[in-house]
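Have a look at the structure below before the remarks.
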Amino acid sequence: MPHELPKAYEPGAIEKRWADYWIQEKLFSVPTPPPGETRPVFTLLLPPPNVTGRLHMGHMLNQTQMDIVVRWHRMRGFITLWLPGTDHAGIATQMMVEKQLEKEGKKRREMGREKFVERVWEWKREYGGAILDQMKRLGASVDWDREYFTMDDDLSHAVREVFVRLYEEGLIYRGNYIVNWCPWHATAISDLEVKHEEVAGKLWEIRYPVVGTSEFITVATTRPETMLGDTAIAVNPKDERYTHLHGKKVLLPLMNREIPIITDELAQPEFGTGAVKVTPAHDPNDFEAGKRHKLPEINVMDEHAHMNQNAGAYAGLDRFEARKRVLHDLREQGFLVAEKDYTLAIGKCDRCGTIIEPRLSEQWFVKIKPLADRAREAVETDEITIVPENYRTIYLNWMNNIHDWCVSRQLWWGHRIPAWTCGSCKEVIVAREAPGNCPKCGSAKPEQVPDVLDTWFSSGLLPFTTLGWPEKTRDQAVFYPTTLLITAYEILFFWVARMIMFGCHFMQGHQQDHAIKKASGWAEKKNDSVPFREVYIHALVRDAERQKMSKTKGNVVDPLDVIERFGTDATRFTLAAMAAPGTDIAFNESRTEGYRAFANKIWNAARFMFMNVDRVEPGLRPADGRGVRTCTGVAGFQAVTLEDRWILSRFNRVAANVSDALATYRFHEAANSIYDFFWGEFCDWYLELIKPRLNFEGSEKSTAKIACTNLVNLFDASLRLLHPVMPFITEEIWQAIYEEKPALKSIALAPYPQADEKQVDLVAETEMAILQDLVVNIRNLRAELKIEPKTKVPIEVFAHEPEIRTMVEDNRGAVERLGNVEKITFVEHSLAKLAGSRSTARFDVHVIYERKIDVASECDRLKKELERLEKVIGTNQKQLDNPQFVGRAPQNVVEGVRKQQLELAILRDKTVSKLRELGCQ
Ligand SMILES: [Zn+2]
Ligand SMILES: [Zn+2]
């Protein structure tokens with residue numbers, strides 16, 4: 001039979017097949033809906049992975065959550081667009097290719113800009129698709145027809161347009177400022193790319209002779225080499241210790257330059273000597289003070305933080321070598337007063353770890369305040385919702401304390417700034433296209449500024465540039481604002497905040513198609529310029545011990561490796577089941593192993609179903625899309641018996657739970673309630689309960705047919721319920737149900753089950769709970785009495801109310817089969833005091849069983865048991881006698897062994913006395 005499932009569940013085989021099928025059939029491609037469309041729309045932008053990226057657990061969690069939400073909406077009838085692409089990742093990609101060149105003995109600068117950039121493109125063409133290929137393997141239901149790269153022509157065109165407009169609006173300016181400079185990368189980097197650390201360092205005190213007196217002024221510094229660029233000494237105007245020196249000069253040691261003593265708030269009397277050195281080119285606060293006092297700015301280092309010609313005798317030295325030499329010379333010449341231990345805060349480049357050097361350089365800045373004001377307002381007024389709520393507060397705080405954004409980078413790979421400088425008159429020309437002649441002096445060759453833009457500049461535009469901006473397109477009318485963004489906290493400011501700023505600015509006045517907006521549930525929102533309606537910030541994936549995963553610790557879990565072993569479905573399920581909002585995930589493979597077993601359980605249940613259906617009524621399976629026509633409740637289900645009414649009720653309740661949970665990003669609740677239903681109720685109880693009805697030797701064929709139909713329809717609905725979390729196994733079984741001729745191409749396009757309140761049956765749920773309770777109690781008693789599985793035993797039941805007795809009588813067969821009961825006798829008196837009994841609020845049950853003991857075999861068993869106990873006790877003792885173990889193993893482990901040892905000793909004594917009692921030899 002073509003539709004027969006293979007005996008064993010092999011995720012590797014089925015997952016690859018369906019992932020390919022979905023792409024080939026273009027199942028998730030979304031053509032632009034024409035005007036007049038009234039269906040709701042759901043749009044989600046994939047946070048574009050770096051083109052250099054490899055899939056890690058963070059991506060895997062992010063992608064799982066996105067795919068669940070996307071599949072869920074698609075099945076609910078939304079026009080669902082998930083837009084994929086990759087980011088050119090300026091600094092990361094450039095570094096990667098530079099390292100490659102290094103191995104070939106080549107250098108970027110020797111190669112020249114044009115050749116280098118061509119080389120990066122080559123690299124991108126060859127390897128840049130790797131991470132998207134990995135996404136394809138995960139079955140991510142994105143629209144591959146709309147895949148973009150941030151340096152595609154149309155997106156680059158949009159970036160230029162944005163830059164020029166901002167410049168024309170006075171929101172971009174160029175200036176000399178102190179920026180965070182990475183000497184290794186030789187580029188400015190943003191505040192966000194600086195990692196701050198506290199380290200043990202030194203504080204040096206240096207004294208400067210006051211000209212024309214015999215006095216000195218002492219200042220303290222952690223970076224003595226910068227003194228070579230000092231252009232003043234500052235004292236506080238109110239500091240009386242220095243009043244008599246106002247207007248005088250000091251002689252800068254080593255450089256023998258005279259520099260003024262200025263009065264400025266920069267110097268605070270309560271700190272140290274109250275006097276500070278002023279180095280405008282190497283410190284942001286000094287820079288501001290320098291501006292106030294019109295001091296010269298002397299830059300003493302080059303782009304690699306080597307001392308330059310302004311550093312006199314120290315020119316050419318690395319900054320740290322220069323520090324040693326400067327200190328040595330100051331000491332020799334009697335200017336070094338003291339050297340003290342000091343904890344200093346240093347900044348390091350987030351990518352290469354080099355210590356940041358504040359550097360004066362010419363950069364391009366975005367004037368952020370006007371943009372930030374509107375971006376803050378969008379969140380304050382809940383035009384954008386940020387979940388979990390605490391990130392909303394973090395966002396708003398940041399927006400209130402934001403600095404202008406340095407957007408230029410001294411790199412070669414990226415969007416080149418559309419600005420040109422005239423070689424003759426120095427005029428700066430910002431334009432959409434390269435200017436021919438200088439508009440000011442007519443000179444022939446303005447040269448383009450060498451800098452490129454910060455990568456986040458272009459990715460901040462994606463919500464509208466991927467929809468055709470600056471053209472006004474139908475795509476924008478339909479899909480903008482996007483509905484949701486799911487992303488990591490670490491890029492809340494880099495990316496999320498910038499998207500909000502740019503969206504609110506450039507899409508101002510935009511209106512989403514009214515009918516679609518209304519159908520999608522956003523009618524009450526006024527502001528359609530926002531890039532998305534909601535932001536969900538997902539948690540971190542940590543290792544099983546809750547440690548952050550890091551290469552240095554060697555505890556990084558590779559998602560592809562986990563997938564290889566347990567399947568994508570089980571891996572996705574693990575991440576969903578552990579993803580409570582706001583809680584980091586301690587990823588534990590044993591959970592994934594458990595969810596693989598879950599998939600296996602479903603697989604076996606499907607095989608059981610097919611076996612019975614084929615036997616009862618070959619061809620019963622709906623080949624025409626039956627069961628798919630309606631998405632409410634379970635179609636085609638006839639609730640005949642208690643178990644039918646019960647499972648139907650439970651299904652509808654679970655469907656309601658799952659929808660509630662998914663709507664509020666409680667992925668763990670959605671996953672866990674499907675799990676409990678599918679395994680705990682459907683497989684463990686319902687399948688067992690309907691077995692006799694399927695076995696038509698013993699029942700009417702019409703009864704069997706109804707049971708089969710119910711089973712198939714319920715299975716179909718349950719698969720649809722599970723599909724967003726486990727897309728592959730559900731597709732495989734669903735296709736088999738429809739004998740590969742379904743009315744729809746995929747379960748992914750079938751409707752998502754919605755709860756039907758009319759199918760909720762509280763009476764059935766209560767009655768079933770009592771039956772389950774009874775069976776479970778019988779099973780527990782059997783286990784306690786050590787009754788062999790094949791032995792059937794009689795029981796007595798005392799029902800506290802007559803209705804319960806009637807109900808148990810009606811389901812006598814089920815209790816007998818599931819509890820392995822020989823006969824049920826109803827009594828009218830309490831059984832609570834008897835050995836081998838249990839009582840609940842509704843009934844007492846007594847298992848009638850007298851243990852007949854075969855002395856010889858019992859002796860055998862006891863002897864074996866004693867042997868086993870001795871062995872474990874011996875092993876434990878060896879461990880406890882070993883000081884290495886006791887000293888080094890975690891305390892709770894050692895305690896555990898001790899405790900076990902005590903319990904084992906008691907068991908051993910009991911076994912020995914039983915052996916004696918029985919007179920065993
Ligand atoms: Zn760096
Ligand atoms: Zn000119």
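Along the sequence shown, residues are numbered consecutively beginning with 1.
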Which distance, rounded to the nearest 0.5 Å, do you find between the CG of Leu46 and the CE of Met66? 4.5 Å
Anything under 30° is parallel, anything over 60° is perpendicular, the rest tilted; go ahead and classify His73 against Phe78. perpendicular
Evaluate side-chain contact (heavy atoms from CB on, under 4.5 Å) for Val120 paired with His88, printing each intermediate quantity in order. CA-CA 10 Å; Val120 183; His88 66 280; over 6 Å; no
For the CG atom on Asp133, are there more than 12 heavy atoms of other groups (residues, nucleotides or ligands in this structure) within a distance under 6.0 Å? yes
Could you point out which residue of Arg113, Arg125, Lys124 forms a salt bridge (Lys or Arg N to Asp or Glu O under 4.0 Å) with Glu118? Arg125
With side chains defined as the heavy atoms from C-beta onward, is the minimum distance between Ile189 and Val194 less than 4.5 Å? yes
Report the C-alpha distance between Glu161 and Arg165 in whole Å, list the side-chain angles of each, state the deciding distance to 0.1 Å, and finish with yes or no for salt bridge (charged side-chain N to carboxylate O under 4.0 Å, His left out). CA-CA 6 Å; Glu161 181 65 29; Arg165 282 198 201 178; 2.8 Å; yes
Taking C-beta and beyond as the side chain, do Leu467 and Leu83 meet within less than 4.5 Å on heavy atoms? yes
Can you confirm whether or not the ring centre of Phe163 sits under 6.0 Å from the ring centre of Trp364? yes
Heavy-atom closest pair, residues Cys425 and Cys438: SG-SG, 3.7 Å
Please report the interatomic distance CD1(Ile417) to CG(Asp451), rounded to the nearest 0.5 Å. 5.0 Å
Determine, stepwise, if the pair Phe479 / Val30 fulfils side-chain contact (heavy atoms from CB on, under 4.5 Å). CA-CA 11 Å; Phe479 298 115; Val30 185; 3.9 Å; yes
His157 to Pro470 - nearest heavy-atom pair and separation: CE1-CG, 4.0 Å
Gap separating the CD1 atom of Ile384 from the CD atom of Glu534, nearest 0.5 angstrom: 10.5 Å
Determine whether more than 12 heavy atoms belonging to other residues, nucleotides or ligands lie under 6.0 Å from atom CD of Glu114. no
At what distance, to the nearest 0.5 angstrom, does CD1 of Ile172 lie from CG of Leu453? 7.5 Å
A side-chain contact here means heavy atoms from C-beta on lying under 4.5 Å apart; do Trp181 and Met301 qualify? no
Interatomic spacing from CZ in Arg374 to OG in Ser529 - rounded to 0.5 Å: 7.5 Å
For a quick check under 3.5 Å, do Gln94 and Arg409 share a side-chain donor-acceptor pair by atom type? no
Could you give the distance from OG1 (Thr279) to CG (Asn285), rounded to the nearest 0.5 Å? 11.0 Å
Residues pairing under side chain to side chain donor-acceptor pair (under 3.5 Å) where one sits in residues 166-179, two or more places apart or in two chains, turn out to be Glu168-Arg432, Glu169-His505, Tyr173-Asp404, Arg174-Glu362
Short side-chain donor-acceptor distance under 3.5 Å, Gln410 and Gln363: yes
For Trp398 against Ala497, the heavy-atom pair lying closest together: CZ3-CB, 3.6 Å
Note: Ala188 and Val179 closest approach over all heavy atoms is CB-CG2, 3.9 Å
Candidate pair Glu122 and Lys115, rule salt bridge (charged side-chain N to carboxylate O under 4.0 Å, His left out), full reasoning: CA-CA 10 Å; Glu122 257 171 52; Lys115 281 213 173 112; over 6 Å; no
Tell me, do Trp495 and Leu485 make a side-chain contact under 4.5 Å, heavy atoms counted? yes
Please answer whether the main-chain N or O of Trp456 pairs with a side-chain N or O of Asp454 as donor and acceptor at a distance below 3.5 Å. yes
Decide yes or no for Glu193 and His185: does some side-chain heavy atom of the first lie under 4.5 Å from some side-chain heavy atom of the second? no
Leu462 versus Tyr148: any side-chain heavy-atom pair under 4.5 Å? yes
Does Arg146 form a side-chain contact (heavy atoms from CB on, under 4.5 Å) with Thr466? I'd like the steps, not just the answer. CA-CA 8 Å; Arg146 291 178 185 253; Thr466 52; over 6 Å; no
Residues in side-chain contact (heavy atoms from CB on, under 4.5 Å) with Ser156, at least two apart? Met151, His415
Donor-acceptor pairs under 3.5 Å, side chain of residues 348-359 to any protein atom, not counting sequence neighbours: which ones?
unit_1 : atom_1 : unit_2 : atom_2 : d
Lys348 : NZ     : Glu197 : OE1    : 3.2
Glu357 : OE1    : Arg319 : NH1    : 2.7
Glu357 : OE2    : Arg223 : NH1    : 2.9

Quick check on side-chain contact (heavy atoms from CB on, under 4.5 Å): which of Ile386, Ile537, Val535, Asn397 does Arg392 satisfy it with? Ile386
When you look at Lys277 and Asp286, which way does the salt bridge (charged side-chain N to carboxylate O under 4.0 Å, His left out) test go after all the steps? CA-CA 8 Å; Lys277 66 199 255 321; Asp286 294 11; 5.6 Å; no
Using a 4.5 Å cut-off on heavy atoms from C-beta on, say whether the side chain of Thr226 contacts that of Asp283. no
Lys525 atom NZ, neighbour heavy-atom count above 12 within 6.0 Å: yes
For the CD atom on Gln448, are there more than 12 heavy atoms of other groups (residues, nucleotides or ligands in this structure) within a distance under 6.0 Å? yes
Angle class for the Phe502/Phe506 ring planes (parallel below 30°, perpendicular above 60°, tilted otherwise)? tilted
Evaluation steps, side-chain contact (heavy atoms from CB on, under 4.5 Å), between Phe116 and Glu98: CA-CA 9 Å; Phe116 178 76; Glu98 271 191 271; 4.0 Å; yes
Closest non-hydrogen atom pair between Ala372 and Met399, with its separation: CB-SD, 3.9 Å
Looking at side-chain heavy atoms only, is the closest gap between Phe464 and Pro531 below 4.5 Å? no
Please check: side-chain N/O of Asn308 versus main-chain N/O of Asn299, any donor-acceptor pairing under 3.5 Å? yes
